[in-house]
There are 4 protein chains.
Amino acid sequence: MPYRSTPKTEARKDARRKLWLETATRLFGERGYHAATVPMIVAEAGGSTGSFYMYFRNKEDVFVAALEALGEQITATMDQARAENADPVSAMRAAVESLFLFLARNPREARIMIVESSGLSPRLEQVRRSVLARHAERVVETLRSDPATFPAAYPEVAARCMVGAVFESLYTWLETAERERLPAEEVARVTAEYNIAAVTGRR
Amino acid sequence: MPYRSTPKTEARKDARRKLWLETATRLFGERGYHAATVPMIVAEAGGSTGSFYMYFRNKEDVFVAALEALGEQITATMDQARAENADPVSAMRAAVESLFLFLARNPREARIMIVESSGLSPRLEQVRRSVLARHAERVVETLRSDPATFPAAYPEVAARCMVGAVFESLYTWLETAERERLPAEEVARVTAEYNIAAVTGRR
Amino acid sequence: MPYRSTPKTEARKDARRKLWLETATRLFGERGYHAATVPMIVAEAGGSTGSFYMYFRNKEDVFVAALEALGEQITATMDQARAENADPVSAMRAAVESLFLFLARNPREARIMIVESSGLSPRLEQVRRSVLARHAERVVETLRSDPATFPAAYPEVAARCMVGAVFESLYTWLETAERERLPAEEVARVTAEYNIAAVTGRR
Amino acid sequence: MPYRSTPKTEARKDARRKLWLETATRLFGERGYHAATVPMIVAEAGGSTGSFYMYFRNKEDVFVAALEALGEQITATMDQARAENADPVSAMRAAVESLFLFLARNPREARIMIVESSGLSPRLEQVRRSVLARHAERVVETLRSDPATFPAAYPEVAARCMVGAVFESLYTWLETAERERLPAEEVARVTAEYNIAAVTGRR
DNA sequence: AATGAATGAGTCTTCATTCAT
DNA sequence: CATGAATGAAGACTCATTCAT
């Protein structure tokens with residue numbers, strides 16, 4: 001036994017884990033944390049209960065993993081949007097719009113981020129807060145980077161307002177019947193405008 | 001038996017119901033919807049399981065009642081703030097600040113409104129949304145009442161952004177350790193400014 | 001106070017008790033012993049829980065009273081049928097038919113007698129058996145009264161068979177959709193024939 | 001892992017299920033559907049509540065399973081009795097006697113079939129009716145197969161009468177104290193005679 | 001006599017997690 | 001490594017009955 005695990009096995013494990021995670025994410029998004037049971041996840045992903053517990057210590061763990069994976073996707077999306085715009089205001093607008101649109105196109109993930117991760121255990125609550133904090137942090141940096149354009153007295157507060165505004169705007173849009181709502185792009189734009197006006201406005 | 005129900009009894013029932021509601025509200029705020037069990041509520045409020053079910057059809061029912069009572073308190077608070085200010089901008093600022101401060105002073109109620117009422121059953125979700133919708137509606141009215149001052153293209157979107165911004169700002173404040181955070185009044189003011197700038201800003 | 005209770009009060013009490021009994025009978029027939037709750041009976045009959053317990057020691061008690069009242073109605077019906085026929089065979093036929101028809105026309109009462117009074121507490125079971133025994137007893141008497149016509153070796157067994165046959169035949173009829181079933185009179189007649197043939201047949 | 005489920009495991013599950021079913025059947029027969037609680041069944045069969053619910057969706061389910069297993073045993077018993085007799089009348093007599101004797105020897109099962117399955121939920125009621133209908137159907141076939149011998153105008157009615165007669169006769173016998181009652185074989189014979197006379201008798 | 005609020009034991013059921021195979 | 005049967009604590013809810021008013 002010259003090595004602990006064959007590459008093949010290693011890759012398999014990764015693929016398996018990814019499958020667990022995707023299935024769990026989907027179910028959490030569709031039914032919520034409590035309603036998505038472990039047996040349910042097992043039934044959908046294949047495999048066995050025991051196997052599930054080899055990849056995650058417990059149910060909370062998968063949820064945390066799902067939440068963090070989600071956080072990274074969002075970060076990546078927003079960073080890219082920012083990178084494509086030299087002007088700080090355009091960059092911020094693009095970041096907000098991309099956040100909105102990413103969630104609008106991934107409603108299950110949006111649900112996890114916005115509603116299903118609330119009111120759970122303290123630990124989960126904390127993970128959710130830390131994901132949000134990461135995003136807020138980026139906004140704070142941007143605001144601080146150009147005080148002339150963004151005259152916010154307390155960038156941390158502004159950043160939170162911005163995140164809250166986007167989430168609530170997006171969630172309302174998601175809850176509205178498809179036939180009655182405006183196009184996502186339109187609402188994304190208006191939401192971005194709202195926050196741009198807020199952070200650039202002279203007071 | 002000169003009358004159907006003695007005032008005494010009637011009053012007692014009301015008092016009893018109020019006690020149930022307050023106890024339940026407190027526990028929901030402290031531990032969340034799922035973690036606050038009926039036996040727990042019974043133990044804290046005194047009385048018996050059966051008695052609890054005489055006042056509420058089921059657990060969801062108390063939660064709905066708590067949520068709606070809360071909604072009305074918030075409405076009243078904000079209406080009063082608005083009534084005390086003739087100028088629309090001041091009125092809006094006052095309303096936002098009063099919302100923030102009301103929740104900051106009633107953290108358990110804030111938790112219920114912001115986090116604990118998310119991700120529950122569809123019915124509960126819907127009640128939460130309808131309470132929020134009521135507040136958003138007021139904001140929309142104000143925005144519409146003076147288009148010169150509030151040039152929002154889509155007041156409904158703006159209203160949602162505002163509600164979301166306040167909630168997120170407030171919730172972050174609540175989660176921050178007391179020693180590290182700014183005074184509530186300060187954050188309330190800054191949050192109000194954020195949103196005032198957003199709705200009055202020319203774009 | 002020359003007398004314990006005024007006639008007026010006495011009459012009232014009787015009327016009240018009768019109302020309780022009728023309401024309870026109806027509900028037992030419609031929903032079964034367990035599903036018909038005391039609060040339900042109170043709600044339908046008017047009055048209060050406490051009042052209910054002034055007329056009956058407990059829920060079992062009303063059921064017993066209902067069952068016995070029913071037993072007497074059935075006895076009366078059958079006795080009358082018998083009395084109208086001099087010939088023993090005709091008398092028996094008439095008795096069976098009248099039993100069938102009485103139950104067919106009072107389906108709720110039939111349910112109580114045939115199905116809802118089964119599988120309950122030992123005491124209730126025993127009451128049911130004693131009501132049935134009373135009917136069987138009459139049949140036994142008739143069979144014994146004319147051994148030449150009714151050559152049954154064991155009249156007690158024959159009587160039970162007869163009762164069982166009528167109940168099952170009737171209950172099947174009741175459960176059959178109205179559009180698909182034969183007229184009650186026809187089935188009553190056939191059922192009577194079955195039993196007459198059974199008790200008169202030479203073997 | 002050369003095969004999906006080892007015969008050993010498979011066999012174990014079957015044995016376990018059988019044990020649950022037998023224990024439940026016994027308790028239902030002894031105490032009735034309502035009085036036989038799930039915890040009781042668990043205590044008697046060994047195992048845990050959760051395990052019970054792995055084999056049956058709910059309490060109703062075990063009862064249905066018990067009722068249907070019983071129905072099949074009865075069917076098998078009667079079919080065998082019929083098969084052993086070429087002559088239609090003898091076959092019918094044998095079938096009735098075997099039904100009576102099977103139940104007389106399995107009093108708990110008899111209770112389930114005759115009394116404990118009445119007056120329960122609509123679903124349970126329906127299962128009971130369908131089991132009875134199956135038996136009645138067989139009788140109808142036999143009656144129809146030889147109209148010269150069995151001149152019944154409505155075989156369906158006759159079949160129901162027969163089933164009812166046997167059940168009631170049997171149940172009365174079961175309820176009678178052992179010291180006071182006739183031998184089961186005797187009552188079975190007399191009951192069979194009753195019904196044979198009924199279906200062969202010229203009217 | 002009448003009321004009806006209060007009681008609380010007891011029911012069914014769920015599901016995260018473990019561990020023998 | 002994988003399996004999936006077993007666990008059992010815990011939850012929501014019901015309803016016959018009592019008793020202070």
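Just so you know, these numbers come straight off a predicted model, no measurement behind them. Note on naming: letters A, B, ... go to the chains in the order of the sequence lines (proteins, then strands), and numbering restarts at 1 for each one.
Taking a pair to require two hydrogen-bonding distances under 3.5 Å in either a Watson-Crick or a G-U wobble arrangement, E:dA1 remains unpaired. In this structure F:dT3 sits in a base pair with E:dA20, meeting the Watson-Crick or G-U test at under 3.5 Å.
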Start with the C-alpha gap between D:E30 and D:E116, add the side-chain angles, then the distance that decides, and say whether side chain to side chain contact (heavy atoms under 4.5 Å, CB included) holds. CA-CA 9 Å; D:E30 281 169 7; D:E116 302 299 357; over 6 Å; no
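Both B:A36 and D:G47 sit near DNA chain F, but only D:G47 has its closest nucleotide nearer the 5' end. Both B:R16 and C:R16 lie close to DNA chain E; mapped to their nearest nucleotides by heavy-atom distance, the more 5′-ward contact belongs to C:R16. Between D:P39 and D:S51, the one whose closest nucleotide on DNA chain E sits nearer the 5' end is D:P39.
Nucleotide E:dC12 holds its C1' atom 17 Å from the CG atom of B:N58, rounded to whole Å. The nearest whole Å value for the distance from the CD1 atom in C:I41 to the P atom in F:dC15 is 12 Å. Counting to the nearest Å, the P atom of F:dC13 and the CZ atom of B:F63 are 14 Å from each other. With rounding to whole Å, D:D61 atom CG is found 16 Å from E:dT14 atom C1'. Nucleotide F:dC13 holds its P atom 8 Å from the CZ atom of B:F52, rounded to whole Å. Between the CZ atom of C:R31 and the C1' atom of F:dC15 there is a distance of 14 Å, rounded to whole Å. Computed from coordinates, the B:L19 CG to E:dA5 P distance equals 17 Å when rounded to whole Å. Atom C1' of nucleotide E:dT11 and atom NZ of D:K59 are separated by 8 Å, given to the nearest angstrom.
Side-chain N or O atoms of B:R108 include none that pairs as donor or acceptor with a backbone N or O of B:L27 at under 3.5 Å.
The phosphate of F:dA6 (OP1 or OP2) has no side-chain N or O of D:Y53 nearer than 4.0 angstrom. Distances shorter than 4.0 Å separate none of the side-chain N or O atoms of B:S48 from OP1 or OP2 on E:dG8. For E:dA5, one of the phosphate oxygens OP1 or OP2 lies less than 4.0 angstrom from a side-chain nitrogen or oxygen of B:K13.
Side-chain proximity of B:T49 to the nucleotides E:dT14, E:dG8, E:dC12 is greatest for E:dG8. The side chain of A:M54 sits closest to F:dA2 out of F:dA2, E:dT7, F:dG4. Checking F:dA5, E:dT11, F:dT7 against the side-chain heavy atoms of D:T37 singles out E:dT11 as nearest.
Residues passing the ring-ring contact (aromatic ring centres under 6.0 Å, His included) test with B:Y53, sequence neighbours excluded: none.
Relative orientation of the C:F28 and C:F63 rings is perpendicular, given thresholds of 30° and 60° on the angle between their planes.
Taking the ring centre of C:F52 as origin, the terminal cationic atom of C:K59 falls outside the region bounded by 6.0 Å and 45° from the ring axis.
Within 4.0 Å (heavy atoms only), B:Y55 reaches sugar-phosphate atoms of the nucleic acid but no base atom.
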